[in-house]
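Right, one structure below, let's go through it.
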Amino acid sequence: MNSSSDNLFENELAQLLIKKLEPFHQRPLYLALSGGMDSMLMLYTLSHVLNHAPELKHRLTAIHINHGLSENADTWQQQCQQACDVLAVPLIARRVVIDINGRGLEAAARQSRYDVFDSVLPNKAVLLMAHHASDQAETFMLRLLRGSGLAGLGAMPERRILTHDAKDERVLLRPWLTLTRDVLATRARAEGITWVDDESNQDQRFDRNWVRHRILPSIKERHPSIETRLTTTTERLQSDYRLLQQLLEPFIEAVISSCKWPLTGAYALSLTELQRHPYALQEHLVRHWLLLNECDMPEGDKVWHWLQQCFNAADDKMPECAYGEVTLRRYRQHVYVVFAIAKEQLPEHIRLPLVEPVAWLGGVIVLEDDNAKSSAVNSSSLDHPQGMEFKAAVPSEYSLLPAGQCRGMKVRINGRPSRTLKNIWQEQGIPPWLREHWPSLVIDSDTIIPIGLVNGCSLDLLKCEPIELLSLKWQPCAIGRCLTQ
């Protein structure tokens, strides 16, 4: 780099960064650093902005995701590390394993990146991305070609929460979304900044590259400001969509509810409530439900035909619909997004007291909070015969098996008939896609405790089990697969 830091600090790019960061006083800053022109320019600009603003200093960390898709991937990571070393900016590098599993390579790579961001970023962090107006124009054109509706055509927002969890206080911020690629490239060359060029960006077999190299240049010959115009269009569409969501909020709350089951999307859709509305509103609510579950927007009539089957099917029927890498399924007058089950080695034992979460089929086995444990202690004093002491937690190891391997075993409760797993599934409303895989503790070879589904501790054993055993829970895990380097 050959320019003075003052030039870089005073230019339009730096001033735009300063303005966009104003609402996030004292929050930790993270930069998604690919090594490309735009993110490297943002790295240098941020570094000099922070040098001139002591209150922002020491808040910046760069994150580089090594997808391993190119033979040059390790070299790109090294170049990012060298740039960060020169600027004294900490770098977190992660190598990811991309699982396409029915989706396109670009979408799978994007998901792997966001899985890492979700696992790395602390509470209240701000993730900066160097997307620009040219990226926005490409995204708009791609969504247009795929037949997206209002939400999809809004393309990339300048600011949003990191995940779809409404409680997430982390923010994704794109401060340069109004600037074109040409503007950024001119500044980067003027400053003598070096960057990496991903050779795959020239491959027009990928729709985005085709739009970038063929479609938009052709349009620009007649409409030179097309990228800026499309950015303005997306802003208006985003505004319209926000207004629509506000007006429809009562309908959304009635139809869509949260779902805490593992291997299942975070939001369920009520068929009973959905049927109360006209088709146009149904269509919007279904699209919003899919968006909340991070699914692609539907193309064609496949999803709508499946929904009609769900409306008309008998209560005991469970129509399903393959949808990219997930399956849409009906259960008890609700529909769900169900994830594929990855092949993995399952733990055969669990040791109590539980020191850290235990991974289990796309989720984790955890110990519930102190309130849950206190409730269990209080209820246990009512369930046990007089004189039976509640046993304190002592180190113990229990066999752990999927429920599908525990046929013939029963849950045995003092003073009540023993119950089969089928009884438990029906009582607790456990959907069929989880039953075979539910983590279960085996005691004395014939007694089973499906984790999180036995609420009392009056098991028909010689002595009461430790509270940790009955306060375990199998819950979803949002952390993606990555290898730390």
Side-chain angles (χ1 to χ4, degrees), residues 11-17 19-20 31-32 34-42 45 104-107 109-110 113 127-160 172-191 193 195-245 287 291 296-299:
N11 68 39
E12 175 190 7
L13 279 62
Q15 295 305 311
L16 196 53
L17 277 175
K19 178 181 178 181
K20 299 298 182 181
L31 169 64
S34 68
M37 178 273 296
D38 41 12
S39 66
M40 291 295 275
L41 179 59
M42 184 170 282
T45 308
L105 180 61
E106 183 181 4
R110 177 185 180 279
R113 290 194 295 274
L127 177 65
L128 294 159
M129 288 190 161
H131 291 128
H132 42 71
S134 304
D135 292 323
Q136 185 76 303
E138 293 164 12
T139 301
F140 175 87
M141 294 299 296
L142 288 171
R143 301 277 179 86
L144 185 66
L145 292 171
R146 292 169 186 166
S148 297
L150 182 58
L153 291 176
M156 298 181 292
E158 179 185 277
R159 171 180 169 180
R160 68 169 175 82
L172 187 156
L173 183 65
R174 300 180 175 99
W176 286 349
L177 209 51
T178 57
L179 305 175
T180 66
R181 181 183 286 109
D182 290 343
V183 168
L184 298 183
T186 298
R187 173 58 62 178
R189 285 191 290 267
E191 301 296 341
I193 293 173
W195 61 85
V196 301
D197 286 312
D198 186 344
E199 68 276 2
S200 69
N201 288 335
Q202 303 301 318
D203 189 348
Q204 294 189 30
R205 291 177 298 175
F206 297 108
D207 283 349
R208 181 175 291 275
N209 293 336
W210 173 69
V211 168
R212 177 181 301 171
H213 298 296
R214 296 284 297 276
I215 303 304
L216 284 175
S218 179
I219 297 175
K220 286 173 73 172
E221 291 179 2
R222 180 177 291 266
H223 300 283
S225 60
I226 182 62
E227 293 169 335
T228 302
R229 289 184 182 180
L230 288 182
T231 297
T232 301
T233 297
T234 60
E235 291 173 351
R236 290 172 177 168
L237 291 170
Q238 290 168 14
S239 178
D240 290 345
Y241 186 71
R242 286 193 296 269
L243 176 59
L244 181 61
Q245 291 301 96
R287 287 179 178 274
L291 183 66
D296 294 332
M297 291 297 97
E299 299 178 14

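Throughout, numbering of the chain's residues begins at 1 and tracks the sequence.
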Practice item. Classify the side-chain pair Thr180/Asp182 by whether it contains a donor and acceptor separated by less than 3.5 Å. Key: no
Review point. Can you tell me how far CD1 of Ile193 sits from OG1 of Thr45, rounded to the nearest 0.5 angstrom?
Key: 5.5 Å
Exercise for review: Not counting sequence neighbours, which residues clear salt bridge (Lys or Arg N to Asp or Glu O under 4.0 Å) with Arg208? List them please.
Suggested key: Glu106, Glu138
Point to revise | Main-chain N/O of Gly152 paired with Arg143 side-chain donor or acceptor, under 3.5 Å | key: yes
Practice item. Could you tell me which residues satisfy salt bridge (Lys or Arg N to Asp or Glu O under 4.0 Å) with Asp207, sequence neighbours excluded, listed by chain and number? Key: none
Review point. Once you round to the nearest 0.5 Å, how far does CG of Leu41 lie from CH2 of Trp195?
Key: 8.5 Å
Review point. For Arg174, which residues count as a side chain to side chain contact (heavy atoms under 4.5 Å, CB included) partner, sequence neighbours excluded?
Key: Tyr114, Met129, His131, Met156, Pro157, Leu172, Leu177
Check your understanding: Where do Leu184 and Asp38 come nearest, in terms of heavy atoms and distance?
Key -> CD1-CB, 4.2 Å
Study note, to complete from the structure: Looking only at heavy atoms, the pair that brings Trp176 and Leu13 closest together is NE1-O, 3.2 Å
Revision key, fill the gap. By side chain to side chain contact (heavy atoms under 4.5 Å, CB included), Arg214 pairs with (sequence neighbours left out) Gln204, Trp210
Check your understanding: Going from CD on Gln238 to CG on Leu150, what distance comes out if it is rounded to the nearest 0.5 angstrom?
Key -> 10.0 Å
Review point. For the residue pair Ser34 and Val196, what are the closest heavy atoms and their distance?
Key: O-CG2, 4.2 Å
Review point. With sequence neighbours excluded, what pairs up with Asp203 under the salt bridge (Lys or Arg N to Asp or Glu O under 4.0 Å) test?
Key: Arg205
Practice item. Among Met42, Glu158, Lys19, find the residue that satisfies the side-chain contact (heavy atoms from CB on, under 4.5 Å) test when tested with Pro175. Key: Met42
Exercise for review: Please round to the nearest 0.5 Å and tell me the distance separating atom OG of Ser200 and atom CG of Asn209.
Suggested key: 6.5 Å
Point to revise | Any His132 side-chain heavy atom under 4.5 Å of Glu227 side chain | key: no
Study note, to complete from the structure: Value for CG (Leu153) from CG (Leu142), rounded to nearest 0.5 Å, stands at 11.5 Å
Exercise for review: Report the C-alpha separation of Met141 and Leu230 in whole Å, then their side-chain angles, then the decisive distance to 0.1 Å, and conclude whether the side-chain contact (heavy atoms from CB on, under 4.5 Å) test is met.
Suggested key: CA-CA 9 Å; Met141 294 299 296; Leu230 288 182; 4.2 Å; yes
Review point. How long is the span from the CG atom in Leu216 to the CZ atom in Arg181, to the nearest 0.5 Å?
Key: 9.0 Å
Point to revise | side-chain contact (heavy atoms from CB on, under 4.5 Å) between Thr234 and Thr139, worked out | key: CA-CA 10 Å; Thr234 60; Thr139 301; over 6 Å; no
Study note, to complete from the structure: The salt bridge (Lys or Arg N to Asp or Glu O under 4.0 Å) partners of Glu235 (sequence neighbours excluded) come to none
Practice item. Quick one: closest heavy-atom pair of Pro217 and Arg212, and the distance? Key: CD-O, 3.1 Å
